[in-house]
Amino acid sequence: MCTLPQISEAEFEVMKIVWKHAPISTNEITEKLLRTTNWSPKTIHTLIKRLVNKGALTYEKQSRVFVYTPLVRENDYISQKSHSFLKRYYNGDISAMVSAFLESDNLSQEEIEHLRSLLAEKSKKGGRTHG
């Protein structure tokens, strides 16, 4: 897996908008983020510029409007972050992570059933081997 750009929490909020609505203009990104954050338009524009500089976004100028598209796929980014989280906090042991969530007792019966079905499906396909 290739290394993807480091994206801050705030930049991630911008990326979520772009992933969902690309291609999307600066004004559209700003409008959507103003609904869910207390950021100024200038802050949002700075975050967009940072993402372009990091290679996470690209843009095209269409008349007087900049239109952005992601260079990083959402699934790739989330997968990399999930693996990083697992390694950092659970030494790569997914069983330890699942145990911690189960012990916190915050799972609904519906979530437990969903996990069971995911595990059963994975078991049918054959899990990864350790070694």
(message) Taking salt bridge (charged side-chain N to carboxylate O under 4.0 Å, His left out) as the definition, give me every residue that meets it alongside R88, ordered by chain and number, with sequence neighbours left out.
(response) none

(message) Parallel, tilted or perpendicular: which one describes the rings of F66 and Y59, with boundaries at 30° and 60°?
(response) perpendicular

(message) Just so I know, are the side chains of N27 and V65 near enough to count as touching, which here means a heavy-atom distance under 4.5 Å?
(response) no

(request) Report yes if some heavy atom in the side chain of K122 is under 4.5 Å from a heavy atom in the side chain of L118; otherwise report no. (result) no

(request) Determine whether more than 12 heavy atoms belonging to other residues, nucleotides or ligands lie under 6.0 Å from atom OH of Y90. (result) yes

(request) Check whether I48 and V67 end up in the same hydrophobic cluster, where Ile, Leu, Val, Met, Phe, Trp and Tyr are linked by side-chain heavy atoms less than 4.5 Å apart. (result) no

(request) Kindly state each residue pair satisfying ring pair (Phe, Tyr, Trp, His ring centres under 6.0 Å) with at least one member in residues 25-54, sequence neighbours excluded. (result) none

(message) Can you tell me if H21 has over 12 outside heavy atoms packed within less than 6.0 Å of its NE2?
(response) yes

(request) Would you mind listing every side-chain hydrogen bond (donor to acceptor under 3.5 Å, both in side chains) that reaches into residues 62-74, with sequence neighbours excluded? (result) E60-Q62

(message) Salt bridge or not between E28 and K32? Use side-chain N to carboxylate O under 4.0 Å.
(response) no

(request) Apply salt bridge (charged side-chain N to carboxylate O under 4.0 Å, His left out) to K54 and list each qualifying residue two or more places apart in sequence or on a separate chain. (result) E11

(request) Identify, with sequence neighbours excluded, every residue that meets salt bridge (charged side-chain N to carboxylate O under 4.0 Å, His left out) alongside K16. (result) E13

(request) Determine, stepwise, if the pair I44 / L34 fulfils side-chain contact (heavy atoms from CB on, under 4.5 Å). (result) CA-CA 9 Å; I44 296 168; L34 288 175; 4.1 Å; yes

(request) Flag the pair E110 / H114 as yes when at least one side-chain heavy-atom distance between them is below 4.5 Å, and no otherwise. (result) no

(request) May I have all residue pairs that pass salt bridge (charged side-chain N to carboxylate O under 4.0 Å, His left out) and include part of residues 17-27, sequence neighbours excluded? (result) none

